[in-house]
Amino acid sequence: MSDSLLVETKGAVRVLTLNRPERLNALNAELLAALNAAFDDIASDDSIRAVLLTGAGRGFCAGADLMQNMGGSGKRDLGASLDSTYNPLVRKMRSLRKPIVTAFNGVAAGAGMNLGLAGDIIIAARAANFTQAFIRIGLMPDAGGTYFLPRLIGEARARALAMLGETITATQAEAFGLVWKLYDDEHFATEALALATSLAAKPTQALAAIKQSLNAAATSTLDHQLNLERDLQRELGNTPDFTEGVTAFIEKRPAVFTGRAG
Ligand code: LHQ
């Protein structure tokens, strides 16, 4: 267990809080390892049905820790660092069969912003702001930024954000379609947990299928999607939650979903 990542369980929600507030939760090796381990654990724990990812203090995450082995003019291999830590993390988040709420509580920069975009439902506090800071230090977006940004906000905005490195406010991010909703700062933590809690009570297998099919759609054809929808819906038709959903509808009562596969 690492102090740089707070891991809490609230009902069926695993809350992950990036916790290096004095560095705006910049990602060092310890924090990246803790995040990778936390997502492995969530994937294998059936009692967890949703994830809430947020940051402690006034920042969400300022990206890679630039104080950690980045200075000097010696030879370095940033690709190796992406291969061993950032990229596995993005893949784990996207393939996790449970929904992830990213709660951008404050400033999000570089790979910190892009890791957040790997979540499923992205919300922000009005205090949040966003920057693809990479270009300011001679780098390009990584941690999935070149994939997520054009899909979320379109080519024109993605190219401008990546190339100019300008900061956008939470209000602009909402207008761009980068985030689902904004909340007032004082209610943000409560609203974020409420959203994750509501997801944790939904039919988890259906959420996993939605996630899988929307992930696939980003690089797919209509024919492929129609076939995938058929296959996944066939599986969902045999889950206890489908039986419960239809029974509850007929009995005119709220459904109680377990999230079980069979
Ligand atoms: C930080 C950081 C930080 C350490 C603020 N590190 N301390 C790169 C390389 C390797 C492989 C993988 O991929 C990557 C991907 C990347 O993420 S590259 C992009 C890295 N991030 C940045 O370039 C952003 C750097 N930070 C900033 O530009 C500003 O801090 C932002 C715009 C995020 C926030 O500005 P302010 O609100 O004015 O806060 P601040 O600058 O005063 O920061 C507060 C403290 O946090 C400060 O420390 P201090 O001791 O002076 O109070 C900063 O040094 C520290 N901090 N970001 N990335």
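Atoms within a ligand are numbered from 1 in the order they appear, just like the ligands themselves.
- Counting the atoms of ligand 1 from 1 in the order shown, those under 4.0 Å from a heavy atom of A133 are 22 (C), 23 (O), 24 (C).
- For K202 and D241, the salt-bridge test fails: no basic side-chain N is under 4.0 Å from an acidic carboxylate O.
- When only modelled atom types and interatomic distance are considered, R260 and Q205 share no side-chain donor-acceptor pair under 3.5 Å.
- For atom 51 (O) of ligand 1, the protein comes within 4.0 Å by no heavy atom at all.
- For the pair R136 and F134, the cation-pi criterion (under 6.0 Å, within 45° of the ring axis) is not fulfilled.
- There is a protein heavy atom less than 4.0 angstrom from atom 43 (O) of ligand 1.
- Within 4.0 Å of atom 10 (C) of ligand 1, at least one protein heavy atom is present.
- By the 4.0 Å N-to-carboxylate-O rule, R23 lies too far from D65 to be salt-bridged with it.
- Shown here, atom 17 (O) of ligand 1 is in close reach of the protein: a heavy atom of it lies under 4.0 Å off.
- For a threshold of 3.5 Å applied to N or O pairs, the pair formed by A62 and ligand 1 contains at least one separation below that value.
- D45 and S47 form a side-chain donor-acceptor contact under 3.5 Å, judged by distance and modelled atom types alone.
- Going from atom OG1 of T102 over to atom CH2 of W180 covers 15.0 Å, rounded to the nearest 0.5 Å.
- Residues E30 and S2 have side chains that bring a donor and an acceptor to within less than 3.5 angstrom of each other.
- Heavy-atom proximity to Y86, at under 4.0 Å, picks out these atoms of ligand 1: 12 (C).
- Residue contact annotation: Q68 has no non-hydrogen atom under 4.0 Å from ligand 1.
- Crowding of D46 atom CG: a count of heavy atoms from other residues, nucleotides or ligands under 6.0 Å not exceeding 12.
- The ligand atoms of ligand 1 that sit less than 4.0 angstrom from a heavy atom of E22 are 45 (C), 46 (O).
- For the residue pair S4 / R20, no side-chain donor-acceptor distance below 3.5 Å is found, with atom types taken as modelled.
- For atom 13 (O) of ligand 1, the nearest protein heavy atom is under 4.0 Å away.
- Taking a cutoff of 4.0 Å between a charged side-chain nitrogen and a carboxylate oxygen, D120 and K98 do not qualify as a salt bridge.
- The shortest N or O to N or O distance between L82 and ligand 1 is not under 3.5 Å.
- Of all atoms in ligand 1, listed by their number and element, those nearer than 4.0 Å to a heavy atom of V107 are 33 (C).
- Note that CD1 of I135 and CG of L161 are 12.5 Å apart. Values are rounded to the nearest 0.5 Å.
- With ligand atoms numbered from 1 in the order given, ligand 1 contributes 11 (C) to contacts under 4.0 Å with heavy atoms of S81.
- The pair R253-E244 meets the salt-bridge criterion, since a charged nitrogen lies less than 4.0 angstrom from a carboxylate oxygen.
- Between D142 and ligand 1, at least one N/O pair is under 3.5 Å apart.
- Comparing heavy-atom distances from atom 4 (C) of ligand 1 across I135, L139, D65 singles out D65 as nearest.
- Of all the heavy atoms of T167, none lies under 4.0 Å from any atom of ligand 1, so neither backbone nor side chain is involved.
- A 6.0 Å sphere centred on CZ of R151 holds more than 12 heavy atoms belonging to other residues, nucleotides or ligands.
- For ligand 1 and A64, the ligand atoms under 4.0 Å from any heavy atom of the residue are 3 (C), 6 (N), 8 (C), 9 (C), 14 (C), 15 (C), 16 (C), 17 (O), 20 (C), 58 (N).
- Distances between N or O atoms of L66 and those of ligand 1 include at least one value under 3.5 Å.
- Below 30°, between 30° and 60°, or above 60°: for F104 and F130 the angle between ring planes is above 60°, a perpendicular geometry.
- Scanning the protein heavy atoms around atom 30 (O) of ligand 1, the nearest turns out to be L24 CD1, 3.9 Å.
- Donor-acceptor pairing under 3.5 Å is recorded for the side chains of N114 and Q132.
- For ligand 1, the atoms lying closer than 4.0 Å to a non-hydrogen atom of G63 are 17 (O).
- Considering backbone and side-chain atoms alike, T131 places every N or O at 3.5 Å or more from each N or O of ligand 1.
- Distance check on atom 20 (C) of ligand 1: some protein heavy atom falls below the 4.0 Å cut-off.
- The single protein non-hydrogen atom nearest to atom 56 (N) of ligand 1 is R23 O, 3.9 Å, given as residue, atom name and distance.
- Atom 32 (C) of ligand 1 has R136 NH1, 4.2 Å as its closest protein atom, hydrogens excluded (heavy atom only).
- At the top of the distance list for atom 39 (O) of ligand 1, counting protein heavy atoms only, stands R58 NH2, 2.9 Å.
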